2 protein chains.
Amino acid sequence: MTEQSNISRRRRTKQAKGGADYEAKRAELLKIAAQLFKEQGFQATRLLDIAQAAGLDRATVYYYVGSKEELFHETVEGVLDANIAAAHALIADTELKAIERLRQIFVTLMVSYEDNYPATFVYIQEQMHQVGTEETVWAQEIMKKTRQFDQILLGFIREAVAQGDLREDIPARLAENALFGMLNWTHRWFVPGKGMSGKEVAEAFWSIFTSGMAHASVPA
Amino acid sequence: MTEQSNISRRRRTKQAKGGADYEAKRAELLKIAAQLFKEQGFQATRLLDIAQAAGLDRATVYYYVGSKEELFHETVEGVLDANIAAAHALIADTELKAIERLRQIFVTLMVSYEDNYPATFVYIQEQMHQVGTEETVWAQEIMKKTRQFDQILLGFIREAVAQGDLREDIPARLAENALFGMLNWTHRWFVPGKGMSGKEVAEAFWSIFTSGMAHASVPA
DNA sequence: GAAAATGTCAACGTCAACGTTGATGATGTA
DNA sequence: TACATCATCAACGTTGACGTTGACATTTTC
């Protein structure tokens, strides 16, 4: 908002002009920040932590970035848009049954979580603390998109129930919470490159969701 | 006698002596704090918020409570112990098969989440931000108990797999993350008294976990 | 009804994190 | 050589939240 200091002017000129080295260092800072946000939470992460992790003085960080919020916003930004875009692509494909759309969006999401790691996990982790209370335009926008995406998912589930591919005795909302609870909880334990891939996890979860975990009637 | 109005000394004397009104107000503060911790997160909640919600001056809160941390610790304390105790009770019952123990602990946990609302949800929400980084004795203790509890659950699942009651093609750890992902994610949407009860939710989730969500082969 | 205990708060000192300033040496560029 | 831009940081001012102090009313106790 109050962007009149000397350093912020220099930063803006620099950002406008571009400069490969400059952008690279900025990207590195973003990456480091995202990692720390995930590990310690946004509030608990100090700019000093970020600076130290990058081997810079705290003041130098401000040469690349306007504020802690800016780091946070850029970390999270785009993640939701990507998710919504993916969902819309599946809506457009009228060939698919709802259950298949649901499956695809589910797997796509998990893979996206993995690809954008740790950005998406920061989003999952922080939305309540940050966005839940705040009244800023940015926060409202994020909330709105979250709700939008939620409606799409719920729609898939309702449709799948109507088409006889999901049980009717469990409310759609609850089924959604079960399925995406499994998915979102991954932010507490999933680490890319360790153990199973995102795709494998998603497919196992999908299998549990649709077929369950109990041994079926012993089919050889 | 009147040892100068050293607040913390007065608080300690008061707490030692007891006093019904005093304890009641203290409990009310705890309740309010827990609610705010859940809504805004521990870090983002100021003592001023708590004081205002209680209709007191910020300084008055210190007559009942030593610090923000104390409120937090007391909010969370006991929850884990209760959970572990419940799990041990089920271990002691040698009559039960592992799958049944798992079912019971699952339902018990969800009911406990509901009963202790919002304390347990604060624990779920904050453990990373608070406990993950801190090195205090308290934090270490909580971490240790969390791991303990986790081991018990994992044991139940491994046993259930060995006894042929759960699929072998999905690793125990993953099954655990699926099941308790559904459960723990409730902290984002479940509100006691609204919609289904904790028990109903737990049973529906258990049904999904064991039987799945797909319509079986149309059994009339 | 005086003395003591109780609950309350206005005001204060302290500290940690934020974001800014102004200057410095380094690196190009004429 | 002279000059300009660059990346960096020591030091600063500011803010917001913490926890404490000391005194003031109100109630309790003797």
Side-chain angles (χ1 to χ4, degrees), chain A residues 1-29 33 36-37 40-73 129-130 133-134, chain B residues 1-29 33 36-37 40-73 129-130 133-134:
Chain A
M1 302 218 202
T2 35
E3 205 113 10
Q4 32 186 283
S5 66
N6 188 28
I7 198 141
S8 70
R9 231 173 288 133
R10 274 165 64 196
R11 181 179 354 101
R12 260 185 304 167
T13 351
K14 196 62 190 168
Q15 278 177 17
K17 272 200 199 164
D21 280 4
Y22 182 83
E23 285 305 328
K25 198 132 198 172
R26 192 166 189 283
E28 192 202 328
L29 278 173
L36 288 171
F37 289 158
Q40 319 180 342
F42 170 73
Q43 304 249 8
T45 303
R46 300 163 307 171
L47 230 55
L48 178 64
D49 298 328
I50 297 169
Q52 282 177 344
L56 296 175
D57 187 271
R58 206 167 52 80
T60 306
V61 172
Y62 284 99
Y63 179 55
Y64 295 97
V65 126
S67 70
K68 209 172 118 179
E69 257 76 21
E70 187 179 315
L71 280 168
F72 182 66
H73 289 185
H129 298 178
Q130 269 316 104
T133 316
E134 271 187 42
Chain B
M1 306 303 164
T2 342
E3 204 76 48
Q4 284 319 320
S5 35
N6 183 330
I7 264 272
S8 68
R9 192 166 302 164
R10 278 168 65 195
R11 183 187 343 106
R12 262 179 297 165
T13 347
K14 195 61 191 167
Q15 278 177 19
K17 271 202 200 163
D21 278 8
Y22 182 83
E23 284 305 329
K25 199 131 197 171
R26 192 165 188 284
E28 192 202 328
L29 278 173
L36 289 171
F37 289 158
Q40 319 180 340
F42 170 73
Q43 304 248 10
T45 303
R46 300 163 307 171
L47 230 56
L48 178 64
D49 298 328
I50 297 169
Q52 282 177 345
L56 296 174
D57 187 89
R58 205 168 51 79
T60 305
V61 173
Y62 284 99
Y63 179 54
Y64 295 97
V65 128
S67 70
K68 208 172 119 179
E69 258 77 21
E70 187 180 315
L71 280 168
F72 182 66
H73 289 187
H129 298 179
Q130 269 316 106
T133 316
E134 272 188 41

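If you're wondering where the values come from, they're calculated on a predicted model, not measured in any experiment. Every chain is numbered from 1 and lettered A, B, ... according to where its sequence line falls, protein lines coming before strand lines.
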CZ-CG distance between A:Arg26 and A:Leu71, expressed to the nearest 0.5 angstrom:
7.5 Å

Once rounded to the nearest 0.5 Å, what's the spacing between atom NZ of B:Lys25 and atom CG of B:Asp21?
8.5 Å

note: A:Asp21, atom CG; D:dT8, atom C1'; distance rounded to Å ~ 15 Å

With a 4.0 Å cutoff (strictly under), does any side-chain N or O of A:Thr60 reach OP1 or OP2 of D:dA7?
no

Min side-chain heavy-atom separation A:Glu70-A:His73 under 4.5 Å
no

Parallel, tilted or perpendicular: ring planes of A:Phe72 versus A:Phe42, cut at 30 and 60 degrees
tilted

Is there any salt bridge (charged side-chain N to carboxylate O under 4.0 Å, His left out) pair reaching into residues 41-53 of chain B, and which pairs are they, with sequence neighbours excluded?
B:Arg46-B:Asp49

Map B:Gly55 and A:Leu47 onto DNA chain C by nearest heavy atom, then report which one ends up closer to the 5' terminus.
B:Gly55

Using atom CG of A:Leu48 as one end and atom P of D:dA10 as the other, report the distance to the nearest whole Å.
12 Å

Would you kindly give the CG-to-C1' distance between B:Leu71 and D:dC18, to the nearest whole Å?
13 Å

Nearest 0.5 Å, what's the OH-CG distance between B:Tyr63 and B:Leu56?
12.0 Å

Atom NZ of A:Lys25 and atom P of D:dC9 are separated, to the nearest Å, by 9 Å

I need the full list of salt bridge (charged side-chain N to carboxylate O under 4.0 Å, His left out) pairs touching residues 51-63 of chain B, with sequence neighbours left out, sorted by first then second residue.
none

Mind checking what makes side chain to side chain contact (heavy atoms under 4.5 Å, CB included) contact with B:Ala53, not counting sequence neighbours?
B:Ile32, B:Leu36

Between atom OH in A:Tyr63 and atom P in C:dG19, what is the gap in whole Å?
19 Å

How many Å lie between OH on A:Tyr62 and P on D:dA10, as a whole number?
16 Å

N or O in side chain of B:Tyr64 less than 4.0 angstrom from C:dG7 OP1/OP2:
no

Could you tell me how far apart A:Arg26 (CZ) and D:dA7 (P) are, to the nearest whole angstrom?
14 Å

Identify all pairs in which a protein N or O lies below 3.5 Å from an N or O of nucleotides 25-30 of chain D, and state each distance.
none

How many whole angstroms separate atom NZ of A:Lys68 from atom P of C:dC18?
5 Å

Smallest heavy-atom separation, A:Tyr64 atom then A:Leu29 atom, equals CB-CD1, 3.6 Å

Just the table, please: protein N/O against nucleotides 10-16 of chain C N/O, every pair under 3.5 Å.
unit_1	atom_1	unit_2	atom_2	d
C:dA10	OP2	B:Asp57	OD1	3.4

Out of D:dC18, C:dT8, D:dC6, which nucleotide sits closest to the side chain of B:Leu56?
C:dT8

